[in-house]
Amino acid sequence: MSRIAYVNGRYLPLRDASVNIEDRGYQFSDGVYEVCEVLDGKLIDERRHIERLQRSLSELRIAMPMTPAALSVVFHEVVRLNRIHWGIVYLQVTRGVSRRDHAFPPAGTRPSVVVTARNMDFAAAEKIAGDGIAVITVPENRWTRVDIKSVSLLPNVLAKQAAREQGAKEAWFVDNSGHITEGSSSNAWIVTRDGKVVTRQVDHGILKGITRTVVLEVMAKQGLKLEERAFTLEEAQAAREAFVTSASQIVMPVVRIDGKPVGNGAPGLIASALRRDFHQFAEQS
Ligand code: PLP
């Protein structure tokens, strides 16, 4: 079965789906994206993802290309056409097509919209979560507005590749003060020896993950203590547990950081319980 993409109003087989070479996403990374988990054909936390999209677009002064209701129809149609059982739906919105010039294109240039979806391997992901993942650290070298979910991801690409080359699944960025900001495609968390769950406060220095937001709700329900603050590499390596969160990984235990085992080197109880309960709290549509 050929995968189907939505491109500017049309549903097309991937091989026929293309964008203009003067699209500003292609020329300048002038666009934003969202990734939403799909479970049993339902979108997870779609409302929050669309809200974050609207925020990213408005920070960059790109017009919302369609209403949230219309976008929701497109999401569900792409999920249906691609028969997604468990996977992700990907949305990209750019400032549109115009003759190459750094400054904004003429008023009225229509944003470009692409939506794709793909299945993921549930059993393989469960196996990885059962083993836990290794992370490495890399210097924070991104711009100062990573709260905007921009498609400009070169530092994240290089960080993830460095992780892969070192046998790890994720890279954590460490800022000038020695504090971890977040992962290349996830938020970073630790559990201290005295059982407090720590994750960095949200500001312009990290992406406010939708999974992060929901995990905070799960934690409150489970009676866990939270500290929203930055933590250092040393603190993370001395932690009882560590984990990452993202729409495609949900809650993923971290068992090694820069080669050093976290806790007893196995997935922690808190991370595993948060992963287990996550979908009871996430919205499905
Ligand atoms: N931080 C970064 C840099 C990301 O790319 C992502 C997800 O792709 C996240 C955090 C987690 O966000 P969410 O939970 O909304 O997927």
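The shown structure was predicted, so the numbers you read here are calculated from the model rather than taken from an experiment. In each ligand, atom 1 is the first atom listed, and ligand 1 is the first ligand listed.
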On a heavy-atom basis, the closest approach of A239 and I190 is CB-CB, 3.9 Å
Please say whether R142 places an N or O atom under 3.5 Å from an N or O atom belonging to ligand 1. no
Taking N or O atoms only and a 3.5 Å limit, does E182 qualify as a polar contact for ligand 1? yes
Can you check whether I210 has an N/O within less than 3.5 Å of an N/O in ligand 1? yes
Taking only non-hydrogen atoms of N187 and a 4.0 Å limit, the atoms of ligand 1 in range are 10 (C), 11 (C)
Looking at T245, which atoms of ligand 1 are within less than 4.0 Å of one of its heavy atoms? 11 (C)
Just to check, does V35 reach to within less than 4.0 Å of ligand 1 when the distance is taken from its heavy atoms? no
For atom OH of Y90, is the number of surrounding heavy atoms from other residues, nucleotides or ligands below 6.0 Å larger than 12? yes
Between R100 and E22 (side chain of the first, backbone of the second, donor and acceptor by atom type, cut-off under 3.5 Å), is there such a pair? no
Identity and separation of the nearest protein heavy atom to atom 12 (O) of ligand 1: G209 CA, 3.4 Å
For atom 5 (O) of ligand 1, what's the nearest protein heavy atom and its distance? S185 CA, 3.3 Å
Where do A188 and T199 come nearest, in terms of heavy atoms and distance? O-OG1, 2.8 Å
Which is it for S248 and ligand 1 at heavy atoms under 4.0 Å: side chain, backbone, both or neither? neither
What protein heavy atom sits nearest atom 8 (O) of ligand 1, and how far away is it? K149 NZ, 3.0 Å
Could you check whether atom NZ of K169 has more than 12 heavy atoms from other residues, nucleotides or ligands sitting under 6.0 Å from it? no
Might you confirm whether atom CZ of R110 has over 12 heavy atoms from other residues, nucleotides or ligands at distances under 6.0 Å? no
Hey, is Y33 touching ligand 1 through its side chain, its backbone, both or neither, going by heavy atoms under 4.0 Å? side chain
Is the contact between V146 and ligand 1 made by the side chain, the backbone, both, or neither, using heavy atoms and a 4.0 Å cut-off? neither
Do other residues, nucleotides or ligands put more than 12 heavy atoms under 6.0 Å from L158 CG? yes
Say whether G183, considering both its backbone and side-chain N or O atoms, lies within less than 3.5 Å of an N or O atom on ligand 1. no
Just checking, R200 and F231: is the charged tip under 6.0 Å from the six-membered ring centre and within 45° of the axis? no
Give a yes or no on whether Y11 atom OH has more than 12 heavy-atom contacts from other residues, nucleotides or ligands under 6.0 Å away. yes
Short N/O distance, under 3.5 Å, between R52 and ligand 1? yes
Note the single closest protein heavy atom to atom 16 (O) of ligand 1, along with its residue, its atom name and the distance in Å. A247 N, 2.8 Å
Considering residues, nucleotides and ligands other than R193, do more than 12 of their heavy atoms fall under 6.0 Å from its CZ? yes
S184 heavy atoms, cut-off 4.0 Å: which ligand 1 atoms fall inside? 3 (C), 5 (O)
More than 12 non-hydrogen atoms from neighbouring residues, nucleotides or ligands closer than 6.0 Å to CG on N176, yes or no? no
For T211, is at least one N or O under 3.5 Å away from an N or O on ligand 1? yes
